[in-house]
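Shown next, in structure tokens, is the structure this report addresses.
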Amino acid sequence: MATRRSKRNAVVEVEKLEMTPVDLEAAVRRSSRSALAPKRLSYSPGNPTPQKKKKTNTVEDKNGQNNVKKEEEDEDDSSDVEQTSGGYGGLSQYELERLENIRKNQEFLTSINLLQATEELKQLTRPKPSQRGLMRSQAAVKEVLPARKSLRLQNKEAEDLTLPPEPRANLVYDQFTRLKKPPGSLPMDPLNTEEGSKLPSQLLELCSEDLKEEKMDPSLKGYQSALKKMRITEDQVAKVVKDRIFSAAFHPCTSSLLMAAGDKWGKVGLWKMGGGWDDDGVLLFEPHTRPVGCMAFSRAHPTHLLSLSYDGSLRCMDVEKAVFDDVYDIDDGLKTFDFLSHDCSTLVVGNWYGEVAIVDRRTPGNSHESLHSLDPKIVRCVNVHPLQKQYFAVAESHVVSIYDSRCLKKTKSQAVSQLYGHSKSISSAYFSPHTGNRVLTTCLDDHIRIYDTSEVTSKCPLMKSIRHDMQTGRWLSKLSAVWDPKREDCFVVGSMGRPRRMQVFNENGQLQHSFMDAENLTTVLSVTAFHPTRNALLGGNASGRLHVFSD
DNA sequence: ACTGAATGGCTCC
DNA sequence: TGGAGCCCCTTCAG
């Protein structure tokens, strides 16, 4: 028997027709395994169970408690497979046996095993990504980028560098010379519809509908069973932006699910699940030119979507006026924002340089914001206390500081309280949605932590620390654990584990549910968010696709 | 079918 | 303080 099956096609080799059904079953299992992990040792006839190396995903193992389901394919169950030793008598006898074996095997294949093998193959072949969303009109949206090949490789003389062409509004530039969008309002012209076409009227209707709150079972058990009922189907995945998703949000409307996502090149996509207009209900805009690091619909004015970009601009999409208005603007390095006041007219905005600005939207332009330098020169996330609005948490490099917005100084503002225990950089810190009695942090030291902040001004103890793989590497957005806004005690986080999943935990670190789907969830969903009132959960991936689980 | 490149971002020195 | 080293994940173009 061939010792090494390099490829999955090996499964249906003709030679297997001569094996006994038991052999065949084992061979199928083996070859499917080798397709999963091609470098694994092959079996030798004399030693049917070579080093039973429990090589599950190391990442999984690190996660330990986070596992819901161990991967069965590594449970080696073929150890007792009998090896048929030659032992055939005369040739005619052999021929008879051979024919009989072939007949049996064909019977066997047509019964369970072939079905099983094709099932396994289906699992191994990566499903084609969803073709919904920005696919059909891709040609219209397509940016024509010059081929990038160095002059040296082309054996050409170096050219004098020339300045990029003068910027014109809404023109897409080469990624390497692109400039910021011009200041002032930008028209809300979708990139994926015909030029001059108006926004679909449904969009404004949805954005301005009366907000309803569904009655939810407050018990953890009831919540858990609600999560288990949530499903994802083919039409709940769509390409909403062109590139990797950096931020996403649910619109609070309930009659349909409306979402926004921001990508690496400053695009903002809106998606009404279930269609309604072209591209399966997707509208694509470009209010920024660099990653859209943070976005949120205004709670006070649901026709407003605020989006912030590394390019230094913070804009407000206004569906009524069909424009992207300027809210705040610096040269570059905006990182995070949150609403400060209940009416969403004031904001706290953080940048890469350790500065926090209080922005009042009622006074246009940059003149009325005040800039405060916090001590560590890094701000990755700001989040305002849901009740005591003067307090906001700042994820600094290795510590979360809680500041009082009334007591900020030009430099080195004193924190009201600090949360310690992080050994690497902190990606996010959020107050629990209803009381603010907890702060949820995500840290690159592979831990999600929950602090007790019921007494903001005194020492806030660490309540729970949950191990979770945060090593997303270069090409994925970082993970962030985010609260379910419908509850005080549960949050969702993406995962590196396979099969791909989103996980919901409670504040005690107990896994409530893992959202998985072999067909429709096949990539890492770094950006996650729960709907504010409905049982719906979104996850955004590195190719600009949003995935929705809902009931 | 396969390969290489991708302008992110943190940590360490 | 700034640059090298690293993470090892996904996607797309060639």
Side-chain angles (χ1 to χ4, degrees), chain A residues 6-9 35 37-39 57-60 62-63 124-131 133-135 138-139 141-150 153 164 173-180 237 239-247 262-266 288-293 309-311 332-333 335-336 351-354 376-381 395-398 422-428 442-447 468-480 493-501 521-527 539-547:
Chain A
S6 55
K7 290 288 159 188
R8 49 185 80 128
N9 334 21
K39 289 193 186 77
N57 200 327
T58 49
V59 163
E60 285 285 299
K62 269 199 291 178
N63 271 344
L124 293 171
T125 334
R126 202 180 178 75
K128 203 177 171 189
S130 163
Q131 300 300 298
L134 298 174
M135 305 305 293
Q138 186 120 31
V141 186
K142 188 147 177 104
E143 299 170 30
V144 185
L145 296 178
R148 269 179 295 119
K149 193 172 180 184
S150 77
L153 288 176
Y173 281 100
D174 168 63
Q175 295 176 352
F176 303 91
T177 55
R178 67 169 50 197
L179 305 167
K180 271 176 79 163
V237 182
K239 191 160 169 105
V240 177
V241 282
K242 295 201 61 188
D243 221 302
R244 132 184 182 197
I245 293 179
F246 272 68
S247 55
D263 81 354
K264 189 166 77 158
W265 292 112
H288 311 281
T289 56
R290 306 267 356 261
V292 183
S309 167
Y310 294 7
D311 70 15
D332 75 331
K335 179 72 182 165
T336 171
N351 69 25
W352 281 336
Y353 313 108
K377 298 262 176 255
I378 283 184
V379 171
R380 292 192 182 82
C381 180
E396 297 172 358
S397 64
H398 286 194
H422 303 88
S423 62
K424 286 188 176 160
S425 98
I426 305 164
S427 337
S428 63
T442 307
C443 181
L444 263 63
D445 66 7
D446 288 337
H447 284 276
H468 195 82
D469 183 14
M470 302 294 176
Q471 308 309 308
T472 43
R474 182 170 182 178
W475 309 112
L476 304 180
S477 295
K478 278 182 293 181
L479 303 179
S480 266
V493 62
S495 166
M496 301 294 288
R498 288 177 195 268
R500 300 309 191 194
R501 65 192 69 177
L521 199 178
T522 57
T523 55
V524 175
L525 303 181
S526 300
V527 178
N541 74 3
S543 65
R545 289 183 172 85
L546 281 182
H547 305 64

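Chain letters run A, B, ... following the sequence lines, proteins first and then strands; every chain starts at 1. Excluded from the calculations below are hydrogen atoms, water molecules and symmetry mates; all remaining heavy atoms, backbone and side chain alike, are included. Source: prediction; values computed, not measured.
Within the 3.5 Å criterion, the main-chain N or O of A:P291 finds a donor-acceptor partner in the side chain of A:S309.
C:dT1 atom P lies 14 Å from atom OH of A:Y353, rounded to whole Å. A:L479 places its CG atom 14 Å from the C1' atom of C:dC8, with the value rounded to the nearest Å. Here the P atom of nucleotide C:dC12 and the CG atom of A:D263 are 12 Å apart, to the nearest Å. Between the C1' atom of C:dT10 and the CZ atom of A:R500 lies a distance of 9 Å, rounded to the nearest Å. Whole-Å rounding puts the A:D243 CG to B:dG8 P distance at 9 Å. If you measure from atom NE2 of A:H288 to atom C1' of B:dT7, you get 19 Å, rounded to the nearest angstrom. A:W265 has its CH2 atom 11 Å from the P atom of B:dA6, to the nearest Å. One can place CE of A:M496 at 7 Å from P of C:dT10, the figure rounded to the nearest angstrom.
Between A:K239 and C:dC12, a side-chain N or O to OP1/OP2 separation shorter than 4.0 Å is present. Taking 4.0 angstrom as the limit, A:K242 places none of its side-chain polar atoms (N or O) nearer than this to OP1 or OP2 of C:dT11. One finds no side-chain N or O of A:T523 lying less than 4.0 angstrom from the OP1 or OP2 phosphate oxygen of C:dT10.
Here the side chain of A:Q471 is nearest to one of B:dG8, C:dC8, C:dT11, namely C:dC8.
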What N/O pairs connect the protein and nucleotides 9-13 of chain B at under 3.5 Å? Give each pair on its own line.
from	atom 1	to	atom 2	distance (Å)
B:dG9	OP1	A:Y310	OH	2.8
B:dC10	OP1	A:R380	NE	3.2
B:dC10	OP1	A:K478	NZ	2.8
B:dT11	OP1	A:S425	N	2.4

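When side chains are defined from C-beta on, A:T523 does not count as touching A:R545, because their heavy atoms never get closer than 4.5 Å. You'll find the side chain of A:K180 reaches within 4.5 Å of the side chain of A:D311, heavy atoms only. Residues A:V524 and A:M496 form a side-chain contact, since some pair of their non-hydrogen atoms from C-beta on lies under 4.5 Å apart.
In this structure, A:W475 packs face-to-face on the six-membered ring of B:dA6, meeting both the 5.5 Å centre cutoff and the 30° plane limit.
Nucleotides B:dT7 and C:dG3 place their C1' atoms 16 Å apart, quoted to the nearest Å.
Considering only residues two or more places apart in sequence or on other chains, A:S428 meets the side chain to side chain contact (heavy atoms under 4.5 Å, CB included) condition with A:C381, A:Y430, A:T442, A:S480. A:H398 pairs by the side chain to side chain contact (heavy atoms under 4.5 Å, CB included) definition with nothing, not counting sequence neighbours.
Considering CD1 of A:I378 and CD of A:E396, their distance stands at 9.5 Å, rounded to 0.5 Å.
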